[in-house]
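Throughout, protein chains are lettered first and strands after them, A, B, ... in sequence-line order, and every chain is numbered starting at 1. Quick caveat: nothing in here was measured; it's all calculated off a predicted structure.
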Number of protein chains: 2
Amino acid sequence: MATDAADLTPTTAPNAVTGVSDRLWSSVLAQEIPFLLARSRAVTSSEANRRLAEVDLKVRTYSVLSLACSGMKPSQRELCDFLDLDPSQVVALVDELQNRGAVLREADPKDRRSRLIVGTPAGRRLLRRATALTDKATQHTLNPLDSQEQEVLRDLLTRVCFQS
Amino acid sequence: MATDAADLTPTTAPNAVTGVSDRLWSSVLAQEIPFLLARSRAVTSSEANRRLAEVDLKVRTYSVLSLACSGMKPSQRELCDFLDLDPSQVVALVDELQNRGAVLREADPKDRRSRLIVGTPAGRRLLRRATALTDKATQHTLNPLDSQEQEVLRDLLTRVCFQS
DNA sequence: TATTGTTATACTCTATAACTATA
DNA sequence: TATAGTTATAGAGTATAACAATA
């Protein structure tokens with residue numbers, strides 16, 4: 001399935017579904033939930049990436065920034081586990097945000113190996129701008145669903161993600 | 001967000017959520033639908049890839065094979081549009097399946113530029129085995145939802161994907 | 001002039017292994 | 001002996017451009 005790569009998908013046709021190949025939506029593949037999840041994810045993340053370009057962020061850096069500014073002081077290891085990323089990737093993402101002055105690596109008083117990632121005031125300002133952009137992206141891609149349906153979707157997905 | 005890469009995630013902890021970083025599930029990021037979509041997609045596609053390895057397929061090749069065997073005779077261009085892939089990627093995927101004798105490129109009587117992708121008998125046999133595997137994967141990852149909830153999820157995702 | 005499929009190339013993302021400093 | 005973070009490197013995935021054949 002497609003990924004973040006399709007950042008340049010035009011807003012007017014975010015899923016590139018319009019046109020000659022609509023007929024394939026009647027295939028059995030199109031009824032399979034894993035396929036629909038992959039497609040929905042591609043649509044939402046490419047739209048979000050497209051908008052986040054305005055503040056020079058992507059969904060991955062946005063996610064790290066959001067957690068850094070949450071007040072929860074996650075360690076890099078926690079970011080790895082929660083975002084399902086390799087340690088080396090988290091190093092790169094945190095480096096990038098730190099170079100921009102958006103986050104800091106704090107010492108962990110309980111474990112000198114560990115680094116706690118926290119947002120700076122500038123990072124929180126950046127996050128506010130970014131959140132406004134991702135909100136708009138979400139509003140756009142989830143437009144077919146009313147707010148109650150969005151709540152249902154959120155609940156169902158949370159339970160799929162957060163299983164034992 | 002994470003991707004197919006985590007194919008080796010153990011079955012007993014498909015989302016790697018268990019453990020020390022559960023606390024981050026109370027963050028605002030974890031409430032955002034785009035994040036949940038990305039996470040759900042990572043869980044389902046890595047589980048599917050893990051199982052499809054038994055027949056030496058991945059979700060991408062499985063998708064092409066499924067459409068090829070649908071009887072709908074999609075052109076490569078249609079596969080590009082529908083799967084949101086670059087033409088060059090579809091060439092590679094079809095090449096791989098053709099080398100395995102699973103699909104054929106047929107001439108399009110209406111357009112000599114176009115190649116129609118159709119499954120061979122061997123391809124249909126392969127698809128049957130693959131579908132049994134992906135069904136098991138889906139059953140596993142969607143286990144938290146009952147069948148009615150799965151129907152609701154399918155409907156909501158379809159509407160997100162299939163907007164204007 | 002535009003489109004389908006193809007090839008070649010570069011770039012991004014991801015996985016793996018090795019290393020350090022701590023535990 | 002195991003873990004957190006780091007670095008380096010290779011691989012997979014993806015985007016871009018150019019081309020031939022056809023429309």
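- In summary, the aromatic rings of B/F35 and A/Y62 are positioned with their centroids too far apart to meet the 6.0 Å limit.
- As a whole-Å value, the separation of B/D86 CG from C/dC11 C1' is 13 Å.
- Taking only side-chain nitrogens and oxygens, B/K58 comes nearer than 4.0 Å to OP1 or OP2 of D/dG13.
- Taking each heavy atom of A/D108 and A/S114 in turn, the nearest pair found is OD2-OG, 3.4 Å.
- The 5' end of DNA chain D is approached more closely, in terms of each residue's nearest nucleotide, by A/V94 than by the other of B/R112 and A/V94.
- Here D/dT3 presents its P atom at 17 Å from CG of A/D108, a figure rounded to the nearest Å.
- Contact check, A/R105 against D/dT6: a side-chain N or O comes under 4.0 Å of OP1 or OP2.
- Both B/R113 and B/D95 lie close to DNA chain C; mapped to their nearest nucleotides by heavy-atom distance, the more 5′-ward contact belongs to B/R113.
- Close to D/dG5, at under 4.0 Å from its OP1 or OP2, lies no side-chain N or O of A/R115.
- For B/Q98 and B/R105, the side-chain atoms include at least one donor-acceptor pair closer than 3.5 Å.
- Counting to the nearest Å, the P atom of C/dC13 and the CG atom of A/L83 are 15 Å from each other.
- Residue B/S88 has its side chain nearest to C/dT7 when only D/dT6, C/dT6, C/dT7 are considered.
- When the side-chain nitrogen and oxygen atoms of B/Q89 are compared with OP1 and OP2 of D/dG13, none of them lie within a distance under 4.0 Å.
- A close approach under 4.0 Å does occur between a side-chain nitrogen or oxygen of B/S114 and OP1 or OP2 of C/dG5.
- Atom pair A/K110:NZ and D/dG5:P shows a separation of 15 Å (rounding to whole Å applied).
- Applying the 6.0 Å contact sphere to CD of B/Q31 captures more than 12 heavy atoms from other residues, nucleotides or ligands.
- In this view, B/D86 satisfies the salt bridge (Lys or Arg N to Asp or Glu O under 4.0 Å) rule with no residue, not counting sequence neighbours.
- Here the C1' atom of nucleotide C/dT3 and the CD atom of B/Q76 are 13 Å apart, to the nearest Å.
- Counting to the nearest Å, the C1' atom of C/dT12 and the CG atom of A/L93 are 12 Å from each other.
- Atom P of nucleotide C/dT12 and atom CD of A/E96 are separated by 11 Å, given to the nearest angstrom.
- Distance, B/R77 CZ to C/dG5 P: 7 Å, rounded to whole Å.
- Considering only side-chain atoms of B/D111, the nucleotide from C/dT4, C/dT22, D/dA23 that sits closest is D/dA23.
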